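Report on the structure given below.
Just so it is clear, the model here is predicted, and its values are computed rather than measured.
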Amino acid sequence: MSSATVGETRLPLALRRLFHGYQSGEGRLEVLQGAELSLRPGEIVALVAPSGTGKSTLLHLAGLLETPQDGAVLIDGRDAGRLSDGERTAIRRTAIGFVYQFHHLLAEFTALENVVLPQMIGGGGRKAARVRAEALLRAFGLGHRMDHLPGKLSGGEQQRVAIARALANRPRVLLADEPTGNLDVGTADQVFDELLRVAREEGLAGLIATHNTELARRMDRIVTLREGRIVAVA
């Protein structure tokens, strides 16, 4: 694994020549073959790629859920491949926020508790965690729904809670895999507007995978995966 180069220490996320593949029944499938990408603070990048091209693999590697077979994932200039498992876990908890197509909320906890818990797991105090959670939920228009269990919320409301949860620990990087893919068009637009607004206000870097080209055009730039590499979309 290569160490950070000059200038990369200020980048929230830098992917350097990532190679990754899987063994299948028909042989080995090489998914990423030298993929590279840098995200600047406050920059929101759309990842638009067909299914099966390595989009989810790239997000898993960027989020330290998997380790690349070759190459480097740098978070704030730190090469995650050189860190211990404990250090990688700490980064995932505090520096990286995840949003998935399905919200994965804890059904037995209220909307507020779902946003408070990650902060406490990350070492935050209960009072400060509650203040942060309430502020985020209000920002997403859920001030009147904080005490509701997920089962009592609409699909759009549940996804707003999931986004608030991802932002709870003030991450430097937000990774999202089809965050509005399970919502109707009108709700998806509203949720996505709120996600972009809060992300930019917080100044974090975002990599958001989506099949929706209209949503992608609202981000700062668009990239895709081609033959295992990341290329810009004109």
Side-chain angles (χ1 to χ4, degrees), residues 12-13 39 41-47 55-56 58-66 73 75-76 80 88-107 109-124 128-143 145-146 150 153-183 187-210 212 215 218-220:
L13 175 67
L39 297 185
E43 181 182 34
I44 311 298
V45 175
L47 174 61
K55 173 170 53 70
S56 293
L58 182 73
L59 290 171
H60 287 172
L61 294 175
L64 310 186
L65 297 174
E66 295 184 54
V73 176
I75 307 292
D76 286 330
R88 287 166 61 89
T89 297
I91 289 176
R92 283 197 301 270
R93 286 177 177 169
T94 60
I96 301 173
F98 296 91
V99 184
Y100 300 100
Q101 180 174 346
F102 298 96
H103 51 79
H104 299 300
L105 298 177
L106 298 173
F109 293 100
T110 66
L112 181 64
E113 290 166 341
N114 266 278
V115 184
V116 166
L117 283 171
Q119 299 177 73
M120 297 185 66
I121 292 171
R130 184 182 179 92
V131 169
R132 170 72 170 164
E134 289 178 348
L136 283 169
L137 290 170
R138 288 195 185 98
F140 283 107
L142 294 172
R145 306 289 275 168
M146 294 187 194
L153 302 175
S154 69
E157 288 171 336
Q158 290 179 57
Q159 194 66 331
R160 287 189 185 100
V161 176
I163 294 169
R165 178 182 60 187
L167 297 172
N169 281 322
R170 301 183 187 275
R172 293 271 288 147
V173 179
L174 177 68
L175 302 173
D177 194 356
E178 299 289 348
T180 60
N182 197 39
L183 305 176
T187 304
D189 284 345
Q190 185 179 12
V191 170
F192 196 76
D193 281 342
E194 292 167 352
L195 187 156
L196 286 183
R197 176 180 56 79
V198 175
R200 284 176 171 142
E201 286 176 359
E202 300 261 328
L204 54 81
L207 179 61
I208 300 177
T210 179
N212 189 322
L215 294 184
R218 285 148 65 182
M219 296 184 236
D220 298 314

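- A donor-acceptor pair under 3.5 Å is formed between the side chain of Arg165 and the backbone N or O of His103.
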> Passes side-chain contact (heavy atoms from CB on, under 4.5 Å), Leu215 versus Asp189? Steps please.
Replying inline: CA-CA 8 Å; Leu215 294 184; Asp189 284 345; 3.6 Å; yes
>> With side-chain contact (heavy atoms from CB on, under 4.5 Å) as the criterion, how do Glu194 and Ile163 come out once you've worked through the C-alpha distance, each side chain's angles and the decisive distance to 0.1 Å?
In response: CA-CA 9 Å; Glu194 292 167 352; Ile163 294 169; over 6 Å; no
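- Counting only distance, with no hydrogens or angles, the side chain of Asp177 and the backbone of Tyr100 share no donor-acceptor pair below 3.5 Å.
- Not counting sequence neighbours, the partners of Glu66 by the side chain to side chain contact (heavy atoms under 4.5 Å, CB included) test are His20, Tyr22, His60, Leu61.
- Partners of Phe98 under the ring pair (Phe, Tyr, Trp, His ring centres under 6.0 Å) rule, at least two apart in sequence or in another chain, do not exist in this structure.
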>> Set out, in order, the CA-CA distance, both residues' side-chain angles and the distance that settles side-chain contact (heavy atoms from CB on, under 4.5 Å) for Leu112 and Arg130, then state yes or no.
In response: CA-CA 8 Å; Leu112 181 64; Arg130 184 182 179 92; 3.1 Å; yes
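- For the pair Asn169 (side chain) and Arg93 (backbone), a donor-acceptor distance under 3.5 Å is present.
- For Arg132 (side chain) and Leu167 (main-chain N/O), a donor-acceptor pair under 3.5 Å exists by modelled atom type.
- With rounding to the nearest 0.5 angstrom, the CD atom of Glu113 is 12.5 Å from the CE atom of Met146.
- When all heavy atoms of Ala129 and Met120 are compared, the pair lying nearest together is CB-CG, 4.2 Å.
- Remark: the backbone N or O of Leu106 is paired with a side-chain donor or acceptor of Asn114 at under 3.5 angstrom.
- A donor-acceptor pair under 3.5 Å is formed between the side chain of Arg197 and the backbone N or O of Ala139.
- Judged purely by atom type and a 3.5 angstrom limit, Arg172 has no side-chain atom pairing as donor or acceptor with the backbone of Ile75.
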